[in-house]
2 protein chains.
Amino acid sequence: MRTVSGRRRGPELERAILHAAAEELATSGYAGMTMDNVARRAGTNKNAIYRRWPRRAALGVAAYRYIAESRTPEVDTGDLRGDVLALLRQVNDTWSSPRGAILRDLLAAAADEPALVELLREQAGGDAMSAAWFTLLGRAVARGEAPPEAVHPRVATLPMTLVRAEYAVRGASRLPDPVLVEIVDEIFLPLVRGRGPRN
Amino acid sequence: MRTVSGRRRGPELERAILHAAAEELATSGYAGMTMDNVARRAGTNKNAIYRRWPRRAALGVAAYRYIAESRTPEVDTGDLRGDVLALLRQVNDTWSSPRGAILRDLLAAAADEPALVELLREQAGGDAMSAAWFTLLGRAVARGEAPPEAVHPRVATLPMTLVRAEYAVRGASRLPDPVLVEIVDEIFLPLVRGRGPRN
DNA sequence: CCTATTAGGTACGGTCAGTACCTTACTAGC
DNA sequence: GCTAGTAAGGTACTGACCGTACCTAATAGG
């Protein structure tokens with residue numbers, strides 16, 4: 001293979017492999033991301049891959065990170081409901097995007113690789129995400145929109161948790177916006193209200 | 001195989017296969033439930049299996065149902081908090097039991113078999129479970145313990161949803177009881193309260 | 001120019017799903 | 001009882017895949 005120009009080495013080859021793996025993930029999912037397929041698509045062979053990643057699952061995670069570059073979410077609409085909905089829509093976007101599909105596929109497929117599941121879970125709403133939800137709620141309290149008693153980790157991440165649960169129950173399909181609105185208006189906001197002082 | 005006594009046929013053989021498959025599931029998980037293993041343990045061969053179930057995943061589901069015999073849950077402690085906690089503890093028991101482990105394993109492994117996922121999902125908190133949560137909440141309203149506005153499908157199933165989400169985040173380990181209490185006292189009951197008439 | 005490193009090529013061994021094809025036992029209908 | 005259909009058992013095979021071994025060839029750096 002690669003008869004004309006010189007051999008790729010080191011980082012260049014590594015990028016080529018990751019690129020090929022990412023394309024396999026995108027087109028055929030984790031199941032289709034076989035070592036032979038990746039090697040063929042990258043114009044190299046399995047040795048080059050195994051020298052860098054000891055197992056297929058490791059390559060899967062690396063390939064995902066190659067596409068991911070998780071940006072920290074940031075919203076500020078001025079009121080609690082708007083903030084929550086905006087962030088929720090962002091979560092919905094991420095999860096329903098091709099990237100999200102790959103992520104969910106990987107999470108399901110690599111369930112028996114504890115270390116890898118950990119890495120992926122961080123991408124799927126880990127500490128950074130939790131922090132965003134927490135600060136959002138804190139801002140609402142500062143504005144007097146929510147009672148101080150509402151600040152609680154489970155409360156802060158509840159909308160995201162429910163969206164994730166919805167994705168687990170339904171298939172891959174993007175959640176319709178009314179579902180998000182319902183989660184906010186029927187669950188989250190009443191909960192915040194209910195955690196205030198008894199009337 | 002089976003040289004001494006006569007050949008098993010029809011239902012008898014089918015039960016033997018399911019029994020073997022269930023034992024494989026219990027000891028080695030879905031990954032270890034290979035067709036050859038099942039055939040060997042059942043004292044037969046793969047043909048007998050493939051004549052009954054077209055694919056491995058189908059056998060997996062059949063084997064699970066062979067163990068499952070889902071009983072409909074029923075609790076009545078007299079007050080809402082007690083009911084919710086009791087039912088939640090029951091859910092926790094089920095999910096942390098060996099049966100629950102098998103179920104979670106199957107759900108993760110057979111993610112690319114839509115029809116089978118559907119069957120399994122029903123076992124993992126489907127309509128029967130939802131109905132139980134709904135009637136529980138209805139009873140509380142009838143007793144005047146909860147406002148009528150609290151009756152809502154998302155509200156009713158929220159505790160179960162949160163427990164399931166917790167299982168998804170943590171590994172397989174049984175949820176400590178304080179987590180259940182926290183879900184009830186910090187989320188569910190405040191939400192029910194918050195859905196009542198504004199003060 | 002020489003040598004260590006790294007890529008490429010090829011060929012395995014092992015596991016597993018699913019299929020094919022034949023032989024052997026049993027059942028049922030006559 | 002005899003016979004024919006049905007279903008079980010036996011065995012072997014294809015094809016996909018992971019992971020490994022081992023050798024050859026290019027190239028970077030001294």
Side-chain angles (χ1 to χ4, degrees), chain A residues 1-21 24-25 27-63 105-106 108-113 115-116, chain B residues 1-21 24-25 27-63 105-106 108-113 115-116:
Chain A
M1 318 190 156
R2 181 86 19 179
T3 49
V4 184
S5 64
R7 273 182 187 172
R8 295 160 301 177
R9 293 196 153 235
E12 187 190 354
L13 182 56
E14 178 164 331
R15 259 182 289 114
I17 293 172
L18 285 176
H19 194 76
E24 288 294 336
L25 271 183
T27 59
S28 320
Y30 184 66
M33 193 203 78
T34 68
M35 299 308 250
D36 295 88
N37 282 354
V38 173
R40 183 155 18 84
R41 192 190 277 262
T44 180
N45 62 8
K46 288 196 290 181
N47 292 331
I49 304 178
Y50 277 105
R51 275 180 207 121
R52 289 170 169 80
W53 299 276
R55 284 164 305 140
R56 191 172 84 102
L59 174 61
V61 172
D105 185 24
L106 273 176
D112 49 348
E113 308 275 351
L116 311 179
Chain B
M1 317 192 155
R2 179 85 21 179
T3 50
V4 184
S5 62
R7 271 181 187 171
R8 294 162 300 178
R9 292 195 153 237
E12 186 190 355
L13 182 56
E14 179 162 331
R15 259 182 288 114
I17 294 171
L18 285 176
H19 194 77
E24 288 293 335
L25 271 182
T27 58
S28 320
Y30 183 66
M33 193 202 79
T34 68
M35 299 308 248
D36 296 88
N37 283 354
V38 173
R40 184 153 20 85
R41 192 191 277 263
T44 180
N45 61 8
K46 287 196 291 182
N47 293 331
I49 304 177
Y50 277 104
R51 274 179 207 121
R52 290 172 170 79
W53 298 277
R55 284 165 305 140
R56 191 172 84 101
L59 174 61
V61 172
D105 186 23
L106 273 177
D112 49 349
E113 308 276 352
L116 310 180

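Quick note on labels: first sequence line is chain A, next is B, and so on, each numbered from 1. All values below come from the heavy atoms of this structure, side chains included, with hydrogens, waters and symmetry mates left out.
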At a cut-off of 3.5 Å, list every protein nitrogen or oxygen paired with a nitrogen or oxygen from nucleotides 13-16 of chain C, distance to 0.1 Å.
none

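In terms of heavy-atom proximity, A57(B) sits nearest to Y30(B) at CA-OH, 3.1 Å. Between G60(A) and L25(A), the shortest heavy-atom distance links the atoms O-CD1, 4.1 Å. Minimum heavy-atom separation, A16(B) to A42(B): O-CB, 3.9 Å.
For E24(A) and dC17(D), the CD to P distance is 10 Å, given to the nearest whole Å. Rounded to whole angstrom, the span from the CG atom of N45(A) across to the P atom of dT6(C) amounts to 15 Å. To the nearest angstrom, C1' of dG8(C) lies 17 Å from OH of Y50(A). A straight line from CD1 of I17(A) to C1' of dT6(C) spans 12 Å, rounded to a whole angstrom. For the pair R8(A) CZ and dG8(C) P, the interatomic distance rounds to 6 Å; values are reported in whole Å. The CD1 atom of I49(B) sits 10 Å away from the P atom of dA17(C) (whole-angstrom rounding). Rounded to an integer number of Å, the gap from CZ of R52(B) to C1' of dA8(D) is 9 Å. Here dT5(C) presents its P atom at 21 Å from CD of E12(A), a figure rounded to the nearest Å.
When side chains are defined from C-beta on, V61(B) does not count as touching L106(B), because their heavy atoms never get closer than 4.5 Å. Using a 4.5 Å cut-off on side-chain heavy atoms (C-beta onward), R51(A) and L13(A) make no contact. L59(A) is listed as a side-chain neighbour of L18(A), based on a closest heavy-atom distance under 4.5 Å.
Where M33(B) and L13(A) each meet DNA chain C at their nearest nucleotide, the meeting point lying more 5' is that of L13(A).
With respect to E24(B), the side-chain contact (heavy atoms from CB on, under 4.5 Å) criterion is satisfied by exactly one of M35(B), R40(B), M33(B): M33(B).
Contact of R9(B) with dA25(C) (side chain to base): a donor-acceptor pair of N or O atoms is detected under 3.5 Å. For R7(B) and dT24(C), a side-chain-to-base donor-acceptor distance below 3.5 Å is present, hydrogens and geometry of angles not being considered.
A sub-4.0 Å separation between OP1 or OP2 of dA7(C) and a side-chain N or O of T44(A) is absent.
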